[in-house]
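Worksheet for the structure shown next.
Every chain is numbered from 1, with letters handed out A, B, ... down the list of sequences. Quantities reported herein were computed from a predicted structural model and do not represent experimental measurements.
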Protein chains: 2
Amino acid sequence: MSKENEDKNYELILNAFVSLLIQVGYQATTINKIAEAAHVNPSTVFRKFKDKEGLLDVVIDRHLQDLSTIFDDFSVTGNIENDLVTMSKIYQEFQLRHQEIVVVGFQESFKRPDIAKAVEDIPIQFKTILLAYFDEMKRQQKIAATIDTEAATMNFVWLNFGYFISGIRFSNPNLLVTPNEFYNKQIRFFARSLQ
Amino acid sequence: MSKENEDKNYELILNAFVSLLIQVGYQATTINKIAEAAHVNPSTVFRKFKDKEGLLDVVIDRHLQDLSTIFDDFSVTGNIENDLVTMSKIYQEFQLRHQEIVVVGFQESFKRPDIAKAVEDIPIQFKTILLAYFDEMKRQQKIAATIDTEAATMNFVWLNFGYFISGIRFSNPNLLVTPNEFYNKQIRFFARSLQ
DNA sequence: TATAAATGCAAGCATTCACTTGCATGCACT
DNA sequence: AGTGCATGCAAGTGAATGCTTGCATTTATA
């Protein structure tokens, strides 16, 4: 029954693992802490998963699967500010839902380049859809003909990426705004450049 | 003679430590690796520094000292694009010069909140000078009266922060541009919004 | 050259952890 | 009730690593 979705303890352990990754990172996440958080005996962890790396592998797998469909239900409306908010929301919510990947990817990038790559793949997907969008809007003359769409895209990517990292790593209120405030003010400000 | 600047081994060890922090992070940086990289015996490390944390403390100290004067030699020219490039350059070069703080701050934020705070302080300083600058430019009517200077400031902060993190953590060329390209294209694009 | 300080070196100690193993216990399903 | 599987539990192993110590050796200084 191991590795099946109906396995309650399997999921409890995975959830505890992910929570701990976010809280304290990979190295500081010990098997004992996982077991305790999952209300399970440490030996059970090893019955469900080969080893500590095996836990990571499952998390990566699920993440990559989720990532492959990240923008599947996005559809263009043609209203630029609306579309940008929609894409930004999808991206931000995805990043937040997979915080642990970013945390571990940054910490273990030297030992697990596959995770580092998985972290990069999120903004790359974001860039891809944005670039196509801006190119299309330019063709439809909804944004200025002088716009460098590549530059505009990367501007939006870095803005969103910087905001996301700030949100999960910073605590000073000077650097934090609510998602809604971000969508309203920042995207409106960004869109000014497109005209 | 320990803890003095003329102490050659002291500096060799510190440099090796910082290099390793950037390469592999704090936990994976062992005393043996430091000693090897510094061409010094492991026991010498403990003669120069109380313990591994003591090494970190010195790095933090020096960083905080450097941070306190980060924008000291910036002076406003009134040419907005030029000033933005200048401030961005100062910020980016500082961040790059102190990469290790960011790496360790993200990894050990739970164990060393002081380091996490030191990491935050860099963008906070950046924000402070930017906000004052935009307010002044608005007063001088060099940027549009409708501009939300707080929003513009945070946009620029997140753009720069996102670009910096991308530069030190990503390797895919799709997400990387040279500093000069960043200054030219991104800041020009940003400045469009100010009119 | 003589003295003192810094460094190299090797052995060892203590702790933390991932991971294993063997056995007892409980729970589910027939 | 009885059988089998999952889990709890406790003890232990082995490796990594921070840190100490005592002594030999080199280097600097006077």
Exercise for review: Classify the angle between the aromatic ring planes of B:His98 and B:His63 as parallel (below 30°), tilted (30 to 60°) or perpendicular (above 60°).
Suggested key: perpendicular
Under 3.5 Å, N/O pairs linking protein and nucleotides 15-19 of chain C:
unit_1: C:dA18; atom_1: OP1; unit_2: A:Lys52; atom_2: NZ; d: 3.3
unit_1: C:dA18; atom_1: OP2; unit_2: A:Ile31; atom_2: N; d: 3.0
unit_1: C:dC19; atom_1: OP2; unit_2: A:Lys52; atom_2: N; d: 2.7

Are [X] and [N] close enough that a side-chain N or O sits under 4.0 Å from OP1 or OP2?
{"X": "A:Asn9", "N": "D:dT7", "value": "yes"}
{"X": "B:Ser43", "N": "D:dT20", "value": "no"}
{"X": "A:Lys48", "N": "D:dT7", "value": "yes"}
{"X": "B:Asn41", "N": "C:dT7", "value": "no"}

Rounded to whole Å, how long is the line connecting atom [atom1] of [X] with atom [atom2] of [N]?
{"X": "B:Ile34", "N": "D:dG18", "atom1": "CD1", "atom2": "P", "answer": "8 Å"}
{"X": "B:Glu36", "N": "C:dG8", "atom1": "CD", "atom2": "C1'", "answer": "15 Å"}
{"X": "B:Asp7", "N": "D:dT27", "atom1": "CG", "atom2": "P", "answer": "16 Å"}
{"X": "B:Ile13", "N": "C:dA6", "atom1": "CD1", "atom2": "P", "answer": "13 Å"}
{"X": "B:Leu20", "N": "D:dG18", "atom1": "CG", "atom2": "P", "answer": "11 Å"}
{"X": "B:Arg47", "N": "C:dC9", "atom1": "CZ", "atom2": "P", "answer": "11 Å"}

Check your understanding: With sequence neighbours left out, what residues match B:Tyr26 under ring pair (Phe, Tyr, Trp, His ring centres under 6.0 Å)?
Key ->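 If we apply the ring pair (Phe, Tyr, Trp, His ring centres under 6.0 Å) test to B:Tyr26, skipping adjacent residues, there are no hits.
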Point to revise | Shared hydrophobic cluster, A:Val102 / A:Leu67 (ILVMFWY, side-chain heavy atoms < 4.5 Å) | key: yes
Exercise for review: Report whether A:Val103 and A:Val59 are members of the same hydrophobic cluster (ILVMFWY, side-chain heavy atoms less than 4.5 Å apart, transitive linking).
Suggested key: no
Check your understanding: Ring centres of B:Tyr10 and B:Phe49 under 6.0 Å apart?
Key ->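 Judged by ring-centre distance (under 6.0 Å), B:Tyr10 and B:Phe49 do meet the cut-off.
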Review point. With sequence neighbours left out, what residues match B:Gln140 under side-chain hydrogen bond (donor to acceptor under 3.5 Å, both in side chains)?
Key: B:Glu136
